[in-house]
Amino acid sequence: MKKVYQPYLGIIFITLFTFACSLFSSPPIEPVPITPEIAPQEEVVPLPAPSTFSAVLPTGVVVEKDGVLSLFDDEGYTLVQANVPGLSYADESNIHIAGTFLSGGTNLPILYFSFENNNSLLISDKGQITTLISAPEFSGLAGAQGVPVVAYTTVEYAGENLISNLFVDAIQSLPITKPILTENDPQGWALVALAVDVEGGLPVGVWYSKRPWGIGGDIVFDPRRTLSYFDLKTGISSQFLGTEANPSAISADRKWLAYTNDSSVGSASGPMAIRNVETGANLSYPLQNAIDQRGAGEASFSPNNQYLAWMEGSGWQMAETPNFHSVVRVGNMNGNIIAEYADTIFLATSGLGTVQRVEPVGWFDDNTLIVMARGEHWDDAVLISVDIAAQTSRLIAQGIFAGFAYP
């Protein structure tokens with residue numbers, strides 16, 4: 001399966017590594033304002049976690065198949081469907097579930113991007129499709145969990161330089177929203193939104209990173225670098241991870257970061273690591289031994305931070321004879337690996353003729369992991385529920401993962 005990194009299509013990646021564990025702690029420091037001109041910081045910057053936080057478990061998982069989004073519960077029953085005509089690509093960077101879904105509900109509001117509809121952000125709600133804004137330079141979005149709030153980015157060239165803009169607002173206000181951050185990068189690194197924090201239904205901060213624009217090749221994981229947080233109340237942007245780090249996940253309570261230290265763009269990354277934002281403690285999970293190791297990525301924290309799941313890969317997707325393999329690994333917050341699931345394990349459960357990639361996409365609860373398995377073709381995908389304690393799995397839905405719905 002040949003896959004090329006292209007800005008509008010989301011990023012498609014894969015990895016695997018060796019065993020070496022490190023554990024250390026560094027004291028937290030005060031947040032430091034940054035601008036594009038300030039050198040990246042190497043130390044952790046503490047951010048107070050919301051004192052009112054409590055984990056919210058999803059109502060169901062949303063998948064795309066044949067141009068239709070369907071919401072499935074944890075038993076694999078269809079709860080509701082939504083039409084998304086002209087959806088450019090089924091990926092979380094193109095789709096946001098823009099509201100809650102209560103038991104017995106009949107509507108699932110969706111914000112999505114479409115090339116076909118004049119490069120626009122559209123809203124599918126109660127059977128009606130409405131154009132929100134025209135966004136010809138759109139490069140991706142990230143939404144707040146179960147809330148009609150979204151951050152998105154645009155990218156365009158000005159001569160040799162790449163100009164990227166970061167926007168964030170309630171969805172209904174996006175047509176008049178101005179960028180909160182603009183960067184002009186001669187090296188071609190673009191802003192990318194990763195998560196949005198909200199209070200009272202309104203955005204209060206955005207987590208963002210940077211990625212190289214328009215690159216191609218046998219890429220496994222999204223080659224990002226740095227992790228920063230823009231506080232909308234103060235207008236201050238604080239950096240949490242430096243240029244050596246590729247952020248992979250942020251816990252729901254914002255207390256933990258998952259990342260890798262990448263050796264080079266697009267070829268291989270280091271082992272999966274986590275950092276406690278409040279204490280500065282860091283630890284890493286040793287990589288598996290493998291030929292043609294590609295690294296770790298696609299991490300996901302369980303709702304209450306009991307576990308971290310991620311993918312590791314080995315081999316090459318674009319070789320004359322592809323030999324890529326992936327494995328889903330699960331670790332606890334003490335750096336111990338507690339479960340491993342190779343791609344071949346899911347062959348029978350998936351119902352696919354072959355499984356070419358497996359990756360964790362999220363959790364129903366702290367013990368139930370959702371894994372997406374892909375077949376020979378990229379669109380041949382299914383979602384599988386894995387019971388970590390029982391070490392069992394079952395098919396949930398056919399289609400490509402598009403996000404979770406929340407009550």
Side-chain angles (χ1 to χ4, degrees), residues 5 11-26 39-45 189 192 194 207-212 215 217-228 239-251 256-277 279-301 307-317 323-343 357-360:
Y5 178 88
I11 305 178
I12 305 169
F13 305 96
I14 321 175
T15 49
L16 192 61
F17 294 32
T18 68
F19 276 61
C21 184
S22 67
L23 177 62
F24 63 94
S25 179
S26 58
Q41 302 168 31
E42 303 298 327
E43 296 183 74
V44 64
V45 181
W189 287 83
V192 53
L194 300 182
W207 295 85
Y208 66 95
S209 184
K210 300 178 185 180
R211 65 170 171 235
I215 66 171
D218 198 327
I219 298 172
V220 173
F221 300 109
D222 189 348
R224 297 185 288 245
R225 70 179 188 187
T226 73
L227 177 66
S228 300
Q239 188 164 299
F240 286 75
L241 297 173
T243 56
E244 81 293 341
N246 181 341
S248 189
I250 306 167
S251 67
W256 291 92
L257 310 175
Y259 65 98
T260 59
N261 289 322
D262 292 359
S263 58
S264 60
V265 172
S267 60
S269 64
M272 184 57 63
I274 59 175
R275 172 175 293 179
N276 186 295
V277 173
T279 67
N282 296 254
L283 62 85
S284 63
Y285 303 88
L287 290 159
Q288 279 194 338
N289 289 312
I291 298 173
D292 295 329
Q293 297 172 1
R294 303 301 302 279
E298 304 294 349
S300 176
F301 289 98
Y307 303 117
L308 177 74
W310 68 95
M311 182 186 109
E312 294 181 9
S314 63
W316 302 89
Q317 306 161 98
N323 64 342
F324 181 82
H325 286 282
S326 61
V327 58
V328 171
R329 308 185 77 196
V330 181
N332 62 24
M333 305 306 281
N334 295 318
N336 301 310
I337 305 296
I338 65 162
E340 296 181 339
Y341 306 96
D343 46 15
R357 171 186 173 119
V358 290
E359 62 186 275

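- A donor-acceptor contact shorter than 3.5 Å is absent between the side chain of Asn246 and the backbone of Glu244.
- No donor-acceptor distance shorter than 3.5 angstrom exists from the side chain of Asp343 to the backbone of His325, with no hydrogens or angles considered.
- Residues Leu308 and Trp256 are not in side-chain contact: their nearest non-hydrogen atoms beyond the backbone lie 4.5 Å or more apart.
- Using a 4.5 Å heavy-atom threshold, the side chains of Tyr307 and Asn332 count as touching.
- Within the 4.5 Å cutoff, side-chain heavy atoms of Thr260 are placed close to those of Met272.
- Looking at Leu241 and Thr226, their side chains never come closer than 4.5 Å, going by heavy atoms from C-beta outward.
- In this structure, Leu227 CG and Thr243 OG1 are separated by 13.0 Å, a value rounded to the nearest 0.5 Å.
- A pairwise comparison of heavy atoms in Ala245 and Tyr259 identifies CB-CD1, 4.0 Å as the closest pair.
- Side chains of Leu283 and Ile274 form a contact here, defined as non-hydrogen atoms less than 4.5 Å apart.
- Across all their heavy atoms, Ala296 and Pro271 have their closest contact at CB-C, 4.3 Å.
- Closest heavy-atom contact between Ser248 and Gly297: OG-C, 3.7 Å.
- Between Val192 and Arg224, the shortest heavy-atom contact is CG1-CD, 4.0 Å.
- In this structure a side-chain-to-backbone donor-acceptor pair under 3.5 Å is missing from Arg225 to Lys210.
- You'll find the side chain of Met311 reaches within 4.5 Å of the side chain of Pro360, heavy atoms only.
- Looking at heavy atoms from C-beta onward, Ile250 lies out of side-chain contact with Phe240 at the 4.5 angstrom threshold.
- Between the CD atom of Glu340 and the CZ atom of Arg329 there is a distance of 4.0 Å, given to the nearest 0.5 Å.
- Between Ser228 and Tyr208, some side-chain heavy-atom pair lies under the 4.5 Å cut-off.
- The two residues Leu194 and Ser209 have their closest heavy-atom pair at CD1-CB, 3.8 Å.
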